[in-house]
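Following this message is one structure expressed as structure tokens.
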Amino acid sequence: SQELEQSPQSLIVQEGKNLTINCTSSKTLYGLYWYKQKYGEGLIFLMMLQKGGEEKSHEKITAKLDEKKQQSSLHITASQPSHAGIYLCGADKGGTYKYIFGTGTRLKVLA
Amino acid sequence: SAVISQKPSRDICQRGTSLTIQCQVDSQVTMMFWYRQQPGQSLTLIATANQGSEATYESGFVIDKFPISRPNLTFSTLTVSNMSPEDSSIYLCSVGAGEDQPQHFGDGTRLSIL
């Protein structure tokens with residue numbers, strides 16, 4: 001079965017610093033989705049990547065999907081306390097519309 | 001994107017009791033999903049609830065424990081039956097818009113079992 005591994009598991013950065021979160025799949029990705037979760041709350045959709053080599057940006061967050069479609073990275077530029085939360089990558093299980101999720105990365109940004 | 005409302009937002013229940021969680025969407029959707037997020041863990045899909053058919057459960061989840069209703073295209077319920085402390089989790093519903101569209105999630109129900 002497909003698995004998603006995220007790294008790092010947790011991250012503490014000083015405000016203003018850049019950071020990168022990685023998501024690696026055991027199988028080729030049909031669709032890769034990045035979400036943010038505030039502690040104990042629902043998931044907020046950030047970005048969707050489908051094509052190998054695709055890159056998308058929204059405000060200070062950029063996400064990329066590698067050419068082989070097995071790894072994605074999420075990069076935050078000039079981090080702010082509002083970026084704090086849990087970042088989750090999710091993948092469509094072989095076009096079934098069912099998602100599996102990565103292990104999550106807990107981000108804390110120190111003011 | 002669809003606006004998804006979950007009720008209750010949180011509850012504390014006694015072991016052996018059951019709780020029904022509601023998920024209301026402001027537009028008609030074909031696919032709805034229920035997930036569980038155990039403390040400190042990622043999300044695990046419980047079942048898919050499509051209107052007009054029985055819910056389909058993932059491995060490790062059974063209908064007797066997690067009965068699901070989907071009476072129309074804007075509403076679904078998940079019941080957590082005969083609860084034990086191991087059922088303490090956040091339960092989330094999501095809606096799928098179909099191919100090439102992301103799922104969108106409700107705010108979740110935080111459930112604690114004493």
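A quick note: this is a predicted structure, and the numbers were derived from the prediction, not measured. Numbered from 1 within each chain, the chains take letters A, B, ... in sequence-line order.
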Any chance CD of B:Glu54 has more than 12 other-residue heavy atoms, nucleotides or ligands included, within less than 6.0 Å?
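It does not: B:Glu54 CD has 12 such atoms or fewer within range.
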Side-chain heavy atoms nearer than 4.5 Å, only ILVMFWY residues, links allowed to pass through others: does that put B:Met83 and B:Phe66 together?
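Yes; B:Phe66 is reachable from B:Met83 via cluster members.
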Within the supplied structure, the quantity of interest is the number of heavy atoms (other residues, nucleotides, ligands) at a distance under 6.0 Å from A:Lys64 NZ; does it exceed 12?
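Counting other residues, nucleotides and ligands, NZ of A:Lys64 stays at 12 neighbours or fewer.
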Chain B contact via A:Leu43 - side chain, backbone, both or neither, heavy atoms under 4.5 Å
both
Hey, is the main chain of A:Gly104 close enough, under 3.5 Å, to the side chain of B:Ser42 for a donor-acceptor pair?
no
Check: A:Tyr99 side chain, B:Gln103 main-chain N or O, donor-acceptor pair, under 3.5 Å:
yes
Assert top hit (heavy-atom pairs under 4.5 Å, partner chain A, pool B:Gln6, B:Gln37, B:Gln41, B:His104) equals B:Gln37
Hydrophobic cluster membership, with links at side-chain heavy-atom distances under 4.5 Å among I/L/V/M/F/W/Y: are B:Ile68 and B:Leu19 in one?
yes
Measure across B:Leu92 and A:Glu41 and return the closest heavy-atom pair with its distance rounded to 0.1 Å.
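Between these two residues, the closest heavy atoms are CD2-O, 4.2 Å.
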If you measure from CD1 on A:Ile100 to CG on B:Leu43, what distance do you get to the nearest 0.5 Å?
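It is 12.0 Å, given to the nearest 0.5 Å.
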Check whether A:Gln37 gets within reach of chain B through its side chain, its backbone, both or neither, counting any heavy atom under 4.5 Å.
side chain
More than 12 heavy atoms from other groups under 6.0 Å of CG on B:Leu114:
yes
When you look at NZ of A:Lys108, are more than 12 heavy atoms from neighbouring residues, nucleotides or ligands closer to it than 6.0 Å?
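No, NZ of A:Lys108 has 12 or fewer neighbouring heavy atoms, counting only those of other groups under 6.0 Å.
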Which of B:Pro102, B:Ser9, B:Gly96, B:Gly108 touches chain A most, by non-hydrogen pairs under 4.5 Å
B:Pro102
More than 12 heavy atoms of other residues, nucleotides or ligands under 6.0 Å from CD of A:Gln14: yes or no?
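Yes - once you tally the heavy atoms of other residues, nucleotides and ligands closer than 6.0 Å, there are more than 12.
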Looking only at heavy atoms, which two atoms of A:Phe101 and B:Tyr35 are closest? And how far apart?
CE1-CE2, 3.6 Å
